[in-house]
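The figures here come from the full heavy-atom set of this structure, side chains too, leaving out hydrogens, waters and symmetry mates. Reminder, nothing fancy here: chain letters follow the sequence lines and each chain counts from 1.
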2 protein chains.
Amino acid sequence: MDKTALFYKLVSFTNSVHRVTYELTQDAKSDSITQVQYKILEYITVSQPVTPSEISNCMNMSMPNTSRELRKLSEKRLIEKIEDTEDRRKQYICLSYDGKIMMNEAFASIEARFLDRIQHASKEDLEDIERALDILQTKLFYQ
Amino acid sequence: MDKTALFYKLVSFTNSVHRVTYELTQDAKSDSITQVQYKILEYITVSQPVTPSEISNCMNMSMPNTSRELRKLSEKRLIEKIEDTEDRRKQYICLSYDGKIMMNEAFASIEARFLDRIQHASKEDLEDIERALDILQTKLFYQ
DNA sequence: CCTCTTACTTATCATTTGATAAGTAAATCA
DNA sequence: TGATTTACTTATCAAATGATAAGTAAGAGG
């Protein structure tokens, strides 16, 4: 298989990943937040504590827009801002108690759909899947 | 590895896929169309000919919004609408000549970045990647 | 101390996207 | 033939998102 054929396979694959991700995550988020706010909470969940600049960089959002969405999340009592004691310009963002509850529920609902999706997979299938995830993460979707 | 651990691996994996997809595709689309319009063109490119209803279903867009975006793409001369001769309510959407040129350019730019990403992969690595893509597509990201 | 840079905020505006109501025209069905 | 359904359109509105200008306050460097 030449590299261009592999590229087409990748295109088809990423489409599948996006479609299945959509299927697993649809309706998982609370209606009280927007899609972008959910993605920010998701990022904070796996990376906390995190600064607004990091959110801005990693999510490809401008600082003003990041700041606005963080303010909204803060007003909804889903995150907490903690000042850096050494550099008082910096902040660290963490999930609040309510935010943790919300994200736990969201992840639980996504996990349930995932388990449903792999319910007919054999032990060998699961091992294949795990190996394949590792290979692609290190050799193709790295960084 | 239990299924919950596998789920966390999946979460991390899909984040990587989304990030790399963003990296590969950023700036690939022309500035004269919006993100949604680009996604529609991408779908048409790989599935043409396709009906507005199919686009609406597969892209999770309402028919009115699908219709609006297709009208805009048509006004930009990037797609063509062909009436079904048997059922005159139906349409088939195809890329126009200009649309094909635009998508060829976009795909070429994405492919160039992809090739860059795998430039250091050995023949064995590429085979591993191909196998892994196949396994995940059939066992996890199916349908 | 003064200047520059960094980290973040506020304000504002345009554009995109999503949702809904209402309509047309052709096919199907009874 | 008349009623219903399907495929798509038009119009309109609200909300989300993106982009930019201008501002504050703290740290860093000379």
Have a look at [X] and say if it touches a base, only the backbone sugar-phosphate, or nothing, with a 4.0 Å heavy-atom cut-off.
X: B:Thr51; answer: sugar-phosphate
X: B:Glu54; answer: nothing
X: B:Glu86; answer: sugar-phosphate

To the side chain of [X], which of [options] is closest?
X: B:Pro64; options: D:dT9, C:dA11, C:dA26; result: D:dT9
X: B:Lys81; options: D:dT9, D:dT17, D:dT20; result: D:dT9
X: B:Arg89; options: C:dA27, C:dT20, D:dT17; result: C:dA27
X: A:Ser67; options: D:dA26, C:dT10, D:dT9; result: C:dT10

Could you tell me how far apart [X] ([atom1]) and [N] ([atom2]) are, to the nearest whole angstrom?
X: A:Glu83; N: C:dA7; atom1: CD; atom2: P; result: 15 Å
X: B:Met63; N: C:dG18; atom1: CE; atom2: P; result: 15 Å
X: B:Arg71; N: D:dA11; atom1: CZ; atom2: P; result: 8 Å
X: A:Ile33; N: D:dT17; atom1: CD1; atom2: C1'; result: 16 Å
X: A:Tyr22; N: C:dG18; atom1: OH; atom2: C1'; result: 12 Å
X: B:Gln91; N: C:dA25; atom1: CD; atom2: P; result: 14 Å
X: A:Asp31; N: C:dG18; atom1: CG; atom2: C1'; result: 14 Å
X: B:Arg68; N: D:dT10; atom1: CZ; atom2: P; result: 13 Å

Original post:
Between B:Asn65 and A:Met61, which has a closest nucleotide on DNA chain D that is more 5'?
Top reply: B:Asn65

**OP:** Could you pick out which residue, A:Thr34 or B:Lys90, lies toward the 5' side of DNA chain D when each is mapped onto its nearest nucleotide?
**Re:** B:Lys90

Subject >> Given DNA chain C, 5'-ward residue of the pair B:Thr85 and B:Gln35, judged by closest heavy atom >> reply: B:Gln35

Original post:
Cation over ring, A:Arg117 on B:Phe141, under 6.0 Å and within 45°?
Top reply: no

Original post:
Relative to the ring of A:Phe107, is the ring of B:Phe7 parallel (under 30°), tilted (30 to 60°) or perpendicular (over 60°)?
Top reply: perpendicular

**OP:** Would you indicate whether the side-chain heavy atoms of A:Lys76 and A:Gln37 approach each other to under 4.5 Å?
**Re:** yes

Original post:
Heavy-atom distance under 4.5 Å between the side chains of A:Glu127 and A:Ser122, does that happen here?
Top reply: no

**OP:** Considering only NZ, NE, NH1 and NH2 on the basic side and carboxylate oxygens on the acidic side, decide whether A:Glu130 and B:Lys9 come within less than 4.0 Å.
**Re:** yes

